[in-house]
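Next up is a structure, given as C-alpha cells.
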Amino acid sequence: MILAHNLGFPRIGSHRELKWALESYWKGRWNQEKLTQTAKELRALHWQRQHEAGLDLIPVGDFSWYDHVLDMSTLLGVVPPRFGEPQDEVDVDTYFAMARGQGSGGEGGAACEMTKWFNTNYHYIVPEFQPQQDFRLASNALFNQVAEAQALGFSVKPVLLGPLSFLWLGKVKGEAFDKLSLLESLLPVYGQLLHRLQTQGVEWVQIDEPILVLDLPADWKAAFEKAYSGLANRGLKCLLTTYFGALGDNTHLACHLPVEGLHIDLASGPEQLTKVLDELPPYKVLSAGVVDGRNIWRNDLEASLGLLEPLRERLGERLWVAPSCSLLHSPMDLALEPALDEELKSWLAFAVQKIEEVVTLKQALVEGRNSVAGALEVSAAAQSGRRQSDRIYRPEVRSRMAKVNPEMARRRHDYSIRAQVQREQLKLPPYPTTTIGSFPQTSSIRKIRRDFKAGRISEQEYRLQMEAEIARAIEAQENYGLDVLVHGEAERNDMVEYFGEQLEGFAFTHNGWVQSYGSRCVKPPIIYGDVTRRQPMTVAWIRYAQSLTSRRVKGMLTGPVTLLQWSFVRDDQPYSDTCLQLALALRDEVQDLEQAGIKIIQVDEPAFREGLPLRRTEWEHYLDWAVRCFRVASTGVGDGTQIHTHMCYSEFNDIIHAIAALDADVITIETSRSGGELLEAFAAFEYPNEVGPGVYDIHSPALPNVNQIVGLIKKAAEYVPAERLWINPDCGLKTRDWPEVEAALCTLVAAAQELRTDEVGLARR
Ligand SMILES: CN1c2c(nc(N)[nH]c2=O)NC[C@@H]1CNc1ccc(C(=O)N[C@@H](CCC(=O)N[C@@H](CCC(=O)N[C@@H](CCC(=O)O)C(=O)O)C(=O)O)C(=O)O)cc1
Ligand SMILES: N[C@@H](CCS)C(=O)O
Ligand SMILES: [Zn+2]
C-alpha cells in the first residue's frame, strides 16, 4: 500500500506549551511530575492530530526536552564525566545540565557545546566523545514513548538519528583520536536498540542519516556499508532518511545499503530523483519528500502529482509520500493566524497543513485525482493567484537592482587608510571594549511590548518606556567603563522579526513559532514580495541613545544575509535577488545612521556561515553573492565611519577568505568555546582588519575572571596584532539577567585595563 507518513512534528506546542513548561521547571516553579505530564499530553495531542489528518505512520521519538541529538547522546549513554558518576538511566536533570550547565556553572558542570543543525537555525547539543567511550542503553524515553503511542492506538514509526550522523556531529574531547573508530563499539548498542523496538512490535523504524547529503570522506562512506550490514535483519524494517539536499555522489551508496526503504528530499534536491530511481533495488520502498518541510509555501499539488504519478507507475506500493524533512522547522498551524490576510494565507501551509497536503497527495495516487478534485482546484487557484498578485513586484525595486554597480560594493579607500582616519576621529583606547548589541530582554520589557501590541498602552507610552530601558543600558555601560556603547536593543522582539515588521514585502505571524534551541523560539518573518524600506527603522532609537552619552554609541543592524537566512523566503526568484533587495534597504539605513552622526555601525551576520551550501561545489557561488550583498549594505559610508560585523554559532575556518572580503573594519566573533583554533585561521590567512574575539561564553551562567580574559587576549595577540584587537563577549546579552551582565562586563573592562598597562598595549594607537 502507498503510505503517507511524516518524519517529525513540531514539539514545542501550538502555544509553546513545552517552552513554558520547561522554563517553569528550570525556575523551580514546577515539579518533574507536572513537567512530564505536560509533555505526555503534548505528545498525545500531536500524534492525534497527525492520525486524524490521515497519516498511515506517525513518528515517535521526535519529541525532545531540548534537542534530538542530546536525546540520542543520553539514549546511548554519552554523558561527559563532569556530569557525575554514570547513572543506569540518565535522569532529566543530568540531561538539562548537559544542555545548560550545572548550577552556578564553572568548569565542573560547564554546558556542552551547542551548534547549528546543518544549514538550519535549529541548534543541537554536541555529543562529546571520550577516548574509550563506553556506549550503552541509558534511557528508556524512546521505548516509553513508543509504548505510550501504541497504547493510544497509533501506528508508530520510531525515529532515530543514525550511528554515522551521530558520530559525525559529535566532538572528540581530550586527547585526539578518530571518532569513526567508535563505530565498532557503538553498533552493538544500536543493535540492542533495534531489538528492543522490535520486541515492542515496531514494524518500521526511521533512521536519519542526513550526512549522506554532504561531501563525505572515503572512510565514512565505507563505514556506512559496515554499519548497516551490521544492523540488518533485526526483525524490523528500516527506512533510511536523508534530507536537506541531494545524495549526489552518495547515491549509489545510499541506494544499496541493506535497509528496506530510502527517503529522499525532493524539495531541496529534486535533481536526484532520476539517479535514485536508476539505482534503487526493486525490493525497496522510496519515500518521496515532496512537501517542503523547511519553507511555508503551499504545495503545488498539480506539480507534485506530476512527479509522483510516474513514480506510482514504476514503484507501485513501494512509493511512500512525505514532507521533505522533519516539520520541526515549520510553524505549527496556519489556522492560528487570523490576522494574516486571506490572500497571503491562501499561499501558505504550516505543519498541520503540510500533513494534509501529504495525505491529499497519497489519496490522489491511491484513489485517483477526482477523489481530491476540490483540493487540486484550491491549490491551482492559490498558485496562479500568487503568480499574478500585484503585491509581489515593485518596479522601483527592480530598477534600483538593475542600477547596482561595482562602486556600490566598495569602500572609498582600503582599510589601512580608513583605519587611520577612524583612529583620529574615534580616539579609542588600546583594546577597546564593547558588547555585541543586546542587553537583557527582561520580562518587563516583553510585557511592555505585549501591552503595546494589545493596544493597552499608546505608542507614545511605549516609546517612553523603551527609552527608559535604553537610558538604563547606557548608564549601566558608562558605569562599567565600556568604550563603545550600544543602545541595548530593548525595542526589538527579535533581531530579524523587528526589521521584517518594518519592511515592505514582508509579512509576519502571531503564532508562527519555530524552535531555535531548547525552550527558545523564533518567529521567522515571511518574505513574499519585493523588499523595500518605508522609512528609517532604527535611527530614532540610536540617536536617542547617543544623545545620552559623550561616548560613541554603535548603530545596530541585522545584515542582509541573516535577514534572508532567518526568514521564510519567497521561492519565485533566486535567493541572491531577494538578498540584494534586503541589502539595498539596509544601505539606506546605514547611510541614514551616518547622517544622524553615528560613527560606528554594526551589521550583524550571525547566519552568514549557516547559509553556506552543504556541498563545497556550491560554496563559491553563494559566497560571491552573500559577500556582495553585505558590501552593498555596508559600504556606502565615508572612511571615518567604522563598520563592524558580528558572527557567532559557527565554524569559520574554511570561509575566512570570504569573511575578509566583507571588508568590515571590525569583526566581533565567537571564539571563547573554540579557544585559539579560529584565531589560528585568522593568522594563517593574515586577516587584515580588526578583530574582537569573544572573551566569554554568553550562553553559560559561568562568569569569566580577569585572568582568563587577559590570557585569552594575550593568546589572541599571538595571532592578530594587539593594535587590531577588541575586547567583547561572544554574542548578545539578551538571554542573561542584569546581575550576570554587570559582573561579566566589569570583569571584561578590568581585563582591558590590565592589558593596557602592558607595553604592547601602550604602543597601540
Ligand atoms: C542569535 N539567535 C537568533 C537566531 N534567530 C533569530 N531569529 N534571532 C536570534 O536572536 N538564531 C540563533 C540565535 C538563537 N538564539 C535565540 C536566543 C533567544 C531567543 C529568544 O529569547 N526567543 C524568545 C522569543 C523572542 C520574541 O520574539 N519575543 C517577543 C514575544 C515575547 C513573548 O513570548 N511574549 C509572550 C509573553 C512572554 C512574557 O515574558 O511575558 C506572549 O506574548 O505570550 C517579544 O519580545 O515581543 C523566546 O521566548 O523563545 C531566540 C533565539
Ligand atoms: N546584535 C545581536 C546579535 C546576536 S547574534 C545581539 O546582540 O543580540
Ligand atoms: Zn551573536
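This one's a predicted model, so the numbers in the text were calculated from it and none came from an experiment. One-based numbering, in listed order, for ligands and for the atoms of each.
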query = Among protein heavy atoms, which sits nearest to atom 46 (O) of ligand 1, and what does the distance come to when rounded to 0.1 Å?
reply =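 Checked against all protein heavy atoms, atom 46 (O) of ligand 1 sits closest to Arg449 NE, 2.6 Å.
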Residue of the set Phe63, Tyr124, Tyr122 for which ring pair (Phe, Tyr, Trp, His ring centres under 6.0 Å) holds with His68 =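 Testing each of Phe63, Tyr124, Tyr122 against His68, the sole residue satisfying ring pair (Phe, Tyr, Trp, His ring centres under 6.0 Å) is Tyr122.
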request  = Mark up the atoms of ligand 2 that fall under 4.0 Å of a heavy atom belonging to Pro606, in ascending order.
outcome  =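 Listed by number with element, the hits are 5 (S).
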message = Any atom of ligand 2 sitting under 4.0 Å from a heavy atom of Glu489?
response =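 Heavy atoms of Glu489 do come under 4.0 Å of ligand 2.
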Identity of the nearest option to atom 10 (O) of ligand 1, non-hydrogen atoms only, from Met495, Glu491, Lys734 =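 Among Met495, Glu491, Lys734, the closest heavy atom to atom 10 (O) of ligand 1 comes from Lys734.
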key: Option with minimal heavy-atom separation from atom 50 (C) of ligand 1, where the choices are Gly500, Cys521, Ser438   =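 Going through Gly500, Cys521, Ser438 one by one, Cys521 has the nearest heavy atom to atom 50 (C) of ligand 1.
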ask   = Between Gln441 and Arg449, is any pair of side-chain heavy atoms under 4.5 Å apart?
value =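 Heavy-atom side-chain distance check passes, below 4.5 Å.
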task = Using non-hydrogen atoms of the residue, decide whether Arg492 is closer than 4.0 angstrom to ligand 1.
result =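 Checking ligand 1 against Arg492, which is what was asked, there is no heavy-atom contact under 4.0 Å.
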request  = Under 4.0 Å from a heavy atom of Cys648: give me the atoms of ligand 2 that qualify, with their elements.
outcome  =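 Under 4.0 Å from Cys648, ligand 2 has these atoms: 5 (S).
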inquiry  = I'd like to check Ile527 versus Tyr575 (side-chain heavy atoms, cut-off strictly below 4.5 Å). Are they in contact?
reply    =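 Sidechains of Tyr575 and Ile527: no contact.
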Protein residue, atom and distance nearest to atom 3 (C) of ligand 1, heavy-atom basis =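 Here the closest protein heavy atom is Trp566 CZ3, 3.4 Å.
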Minimum-distance protein heavy atom relative to atom 3 (C) of ligand 2 =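 I find the closest protein heavy atom is Asp604 OD2, 3.4 Å.
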task = May I ask you to list the atoms of ligand 1 that are less than 4.0 angstrom from any heavy atom of Thr735?
result =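 Near Thr735, the atoms of ligand 1 are 17 (C), 18 (C).
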N-O pairing of Glu670 and Arg609 below 4.0 Å =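 No, no charged N to carboxylate O under 4.0 Å.
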query = If you measure from each non-hydrogen atom of Trp513 to ligand 1, which part falls under 4.0 Å: side chain, backbone, both or neither?
reply =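 Under 4.0 Å from ligand 1, Trp513 contributes side-chain atoms alone.
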ask   = Out of Arg446, Lys447, Lys116, Gln515, whose heavy atom sits nearest atom 25 (C) of ligand 1?
value =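 The residue whose heavy atom sits nearest atom 25 (C) of ligand 1 is Arg446.
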inquiry  = Give the atom numbers and elements of ligand 1 that come within less than 4.0 Å of a heavy atom of Val522.
reply    =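 Answer, ordered by atom number: 5 (N), 6 (C), 7 (N), 8 (N), 50 (C), 51 (C).
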ask   = What protein heavy atom sits nearest atom 14 (C) of ligand 1, and how far off is it?
value =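 Residue, atom and distance for the closest contact: Ser516 OG, 3.4 Å.
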inquiry  = Salt bridge check, Arg463 against Glu467: does any charged N sit closer than 4.0 Å to a carboxylate O?
reply    =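 The answer is yes: the pair qualifies as a salt bridge.
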message = Among all the protein's non-hydrogen atoms, which is closest to atom 4 (C) of ligand 2, and how far away is it?
response =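 Protein heavy atom with the smallest distance to atom 4 (C) of ligand 2: Met495 SD, 3.5 Å.
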message = Could you work out, for atom 48 (O) of ligand 1, the closest of Lys19, Arg520, Arg450 by heavy-atom distance?
response =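 Among Lys19, Arg520, Arg450, the closest heavy atom to atom 48 (O) of ligand 1 belongs to Lys19.
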query = So which heavy atom in the protein is nearest atom 15 (N) of ligand 1, and how far is it from that ligand atom?
reply =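 Ranked first by proximity to atom 15 (N) of ligand 1 is Tyr517 CE2, 3.4 Å.
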key: Side-chain H-bond candidate by donor/acceptor type, Glu17 with Thr38, under 3.5 Å   =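 Glu17 vs Thr38: no donor-acceptor pair found between side chains.
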query = Does a side chain donor of either Asp71 or Tyr95 reach within less than 3.5 Å of an acceptor in the other side chain?
reply =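 Yes, side-chain donor-acceptor contact under 3.5 Å.
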inquiry  = Salt bridge or not between Glu489 and Lys734? Use side-chain N to carboxylate O under 4.0 Å.
reply    =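 Between Lys734 and Glu489 there is no salt bridge, as every charged N stays at least 4.0 Å from the carboxylate O atoms.
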query = For atom 8 (N) of ligand 1, what is the nearest protein heavy atom, given as residue, atom name and distance?
reply =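 For this ligand atom, the closest protein heavy atom is Asp494 OD1, 2.6 Å.
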Atom indices of ligand 1 within 4.0 angstrom of His123 heavy atoms, with elements =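 In order of number, 12 (C).
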request  = Please say whether more than 12 non-hydrogen atoms of neighbouring residues, nucleotides or ligands are located less than 6.0 Å from CZ in Arg534.
outcome  =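 Correct, the count exceeds 12.
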request  = Anything under 30° is parallel, anything over 60° is perpendicular, the rest tilted; go ahead and classify Trp726 against His644.
outcome  =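 The arrangement is perpendicular - the two ring planes meet at more than 60°.
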key: Nearest non-hydrogen partners of Phe9 and Val352, listed with the distance   =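 Heavy-atom minimum between the residues: CZ-CG2, 4.3 Å.
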key: ligand 2 atoms in contact with Cys731 (distance to a heavy atom under 4.0 Å)   =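 Here the atoms of ligand 2 in question are 4 (C), 5 (S).
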inquiry  = For Tyr66 versus Gln515, what's the shortest heavy-atom pair and its separation?
reply    =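 Heavy atoms of Tyr66 and Gln515 come nearest at O-NE2, 3.1 Å.
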task = Please find out if less than 6.0 Å separates the ring center of Trp738 from that of Phe439.
result =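 For Trp738 and Phe439, the ring centres are under 6.0 Å apart.
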message = Quick check: His329 with Phe118 (ring centres under 6.0 Å apart)?
response =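 No, the ring of Phe118 stays outside the 6.0 Å limit from the ring of His329, centre to centre.
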ask   = Tell me, which N, O or S atom in His646 is closest to the Zn ion (ligand 3)?
value =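 Sorting the N, O and S atoms of His646 by distance to the Zn ion (ligand 3) puts NE2 first.
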task = Look at atom 8 (O) of ligand 2 and say which protein heavy atom is nearest, naming residue and atom and giving the distance to 0.1 Å.
result =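 Atom 8 (O) of ligand 2 sits closest to the protein heavy atom Ser438 OG, 2.7 Å.
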inquiry  = Quiz question: by atom type and distance under 3.5 Å, do the side chains of Gln465 and Glu469 form a donor-acceptor pair?
reply    =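 There is no such pair between these side chains.
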request  = Could you check if a side-chain atom of Val522 sits within less than 4.5 angstrom of a side-chain atom of Val496, using non-hydrogen atoms only?
outcome  =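 With C-beta onward as the side chain, the pair stays apart.
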query = Got the closest protein heavy atom to atom 35 (C) of ligand 1, with its distance?
reply =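 Of the protein heavy atoms, Arg16 NH2, 3.9 Å lies nearest.
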ask   = Can you tell me the protein heavy atom closest to atom 27 (O) of ligand 1 and the distance?
value =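 The protein heavy atom lying closest is Asn493 O, 3.4 Å.
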ask   = For ligand 1, is there an N or O atom under 3.5 Å from any N or O atom of Trp20?
value =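 Not met; the criterion fails.
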Minimum-distance protein heavy atom relative to atom 11 (N) of ligand 1 =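 Checking every protein heavy atom, the shortest distance to atom 11 (N) of ligand 1 gives Asn121 OD1, 2.7 Å.
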Which segment of Lys453 sits under 4.0 Å of ligand 1 when only heavy atoms are counted =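 For Lys453, no heavy atom sits under 4.0 Å from ligand 1.
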key: Check: Gln546 side chain, Thr549 main-chain N or O, donor-acceptor pair, under 3.5 Å   =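 Here the side-chain-to-backbone pair exists.
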key: Thr558 versus Asp604, side-chain donor and acceptor atoms under 3.5 Å   =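 No.
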inquiry  = Is Pro606 close enough to touch ligand 1? Criterion: a residue heavy atom under 4.0 Å from a ligand atom.
reply    =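 Contact absent.
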ask   = Counting each atom of ligand 2 from 1 as listed, which ones have a heavy atom of His646 under 4.0 Å away?
value =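 Reading through ligand 2 atom by atom, the close ones are 3 (C), 5 (S).
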message = Within the 4.0 Å heavy-atom shell around Gly732, which atoms of ligand 2 are there?
response =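 Listed by number with element, the hits are 6 (C), 7 (O), 8 (O).
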key: Contacting atoms of ligand 2, where contact means under 4.0 angstrom from a heavy atom of Gly437   =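 Matching atoms, with element in brackets: 7 (O).
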